[in-house]
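No hydrogens, no waters, no symmetry mates; every other heavy atom, side chains included, goes into these values. Per chain, numbering begins at 1; letters A, B, ... match sequence-line order. Only a predicted model underlies this, so the values are computations on that prediction, with no experimental measurement involved.
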2 protein chains.
Amino acid sequence: MEAMLKILGERKRCEIVRLVWSEELPAAEIAARFPDVTRSAISQHLGVLRNSGLLTERRDGVRRLYSANQAEMGKLREFLDSFWSQSLVRLRDLAESAEQAKERK
Amino acid sequence: MEAMLKILGERKRCEIVRLVWSEELPAAEIAARFPDVTRSAISQHLGVLRNSGLLTERRDGVRRLYSANQAEMGKLREFLDSFWSQSLVRLRDLAESAEQAKERK
DNA sequence: CATTTACGTTAGTACATCCTTATGTAAGAT
DNA sequence: ATCTTACATAAGGATGTACTAACGTAAATG
């Protein structure tokens, strides 16, 4: 899961995911949004994102259409949420053991 | 914001934040949870986390007690949420312009 | 079949990151 | 005042990452 965080920790990759969040885009179009780097660089980022499951690829002839895998992104959100829920769980466990201690009296 | 993602993309740093999520811990205690690396390595991670605002430090004599900055983590969660809401915004904007087009008839 | 289009992949390089070891440094104990 | 404790910080090395330039490849087009 930390791997996904690291992958999105790169500005361009994060932007790419946002770009194809609600619409499929071909690699060329994605690359066009990043004029400061070569298409190769973007292709490599796409490879990383595809490999991690954050992007899905659909082939249409010679083109490759990318779109965000919202489900996979959802896992990341759950992971972040777990930071908050862990303390709740800990509180719950604490409350439970206190209850059991009381019953053992 | 991507910087924070990158920082948490490191396993140990992510674990450290989790460790001090609901309780303050001194640096030594944190380091003790990572027997495979030196205290120095952990101290450097603590520095990165403190610097990014993800951890807050409180000094108690010679010790330094760390705890997670949940507010800062909250920003990250909001950032992730923005991926979902951006499409909603786009849909809303689309609906609005459609409405305006109708009114102009 | 040759060419073009739209890509991915490889090789190589500059720079960043994570680590260890060594060296501060400030607070408390002797 | 010296020593110890609990840390940070600096220097240096191994490894990882993001990039460019060059090359490879499958699909469409003539």
**Request:** For B:R11, report the nucleic acid contact type (base, sugar-phosphate, nothing); a contact means any heavy atom under 4.0 Å.
**Result:**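 Counting heavy atoms under 4.0 Å across all strands, no contact is made by B:R11.
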**Message:** Just to be sure I understand the rule, does A:D36 reach a base, reach only the sugar-phosphate, or reach nothing, if contact means heavy atoms closer than 4.0 Å?
**Reply:**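 Touches sugar-phosphate only.
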**Positional range of nucleotides in DNA chain C within the contact set of chain A, heavy-atom, under 4.0 Å** =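 Contact boundaries, 5' end first: C:dT5 to C:dT10.
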**Message:** So, does A:H45 get its side chain near the phosphate of D:dT17, meaning an N or O under 4.0 Å from OP1 or OP2?
**Reply:**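 No, outside the criterion.
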**Item:** Interatomic spacing from NZ in A:K12 to CD1 in A:I16 - rounded to 0.5 Å
**Value:**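 Here the rounded value is 9.0 Å.
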**Asked** Considering the options A:V20, A:I30, A:V48, which one meets the side chain to side chain contact (heavy atoms under 4.5 Å, CB included) requirement together with A:L55?
**Response**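 Only one of A:V20, A:I30, A:V48 forms a side chain to side chain contact (heavy atoms under 4.5 Å, CB included) with A:L55, namely A:V20.
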**Result of checking B:E15, B:H45, B:R39 against B:F34 for side chain to side chain contact (heavy atoms under 4.5 Å, CB included)** =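 It is B:E15; the other options fail the test.
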**Request:** Evaluate the criterion salt bridge (Lys or Arg N to Asp or Glu O under 4.0 Å) for residue pair B:R33 and B:E29; output intermediate values, then yes/no.
**Result:** CA-CA 7 Å; B:R33 312 282 178 114; B:E29 183 116 356; 3.7 Å; yes
Taking only N/O atoms, report every protein-nucleotides 1-8 of chain D pair under 3.5 Å with atom names and distance.
unit_1	atom_1	unit_2	atom_2	d
D:dC7	OP1	B:A27	N	3.3
D:dC7	OP1	B:R64	N	3.3
D:dC7	OP2	B:A28	N	2.9
D:dA8	OP1	B:Y66	OH	2.4
D:dA8	OP2	B:S43	OG	2.3
D:dA8	O5'	B:S43	OG	3.3

Under a 3.5 Å distance rule, please check whether [X] uses its side chain to pair with a backbone N or O of [Y] as donor and acceptor.
X: A:D60; Y: A:R63; value: no
X: A:S82; Y: A:F79; value: yes
X: B:N69; Y: B:T56; value: no

**Spacing between A:K12 atom NZ and D:dT20 atom C1', to the nearest angstrom** =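 About 12 Å, once rounded to whole Å.
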**Message:** Does the Lys NZ or Arg CZ of A:R18 fall within the cation-pi geometry relative to B:F83 - under 6.0 Å from the ring centre and within 45° of the axis?
**Reply:**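 Positive - A:R18 is close enough to the ring of B:F83 and near enough to its axis.
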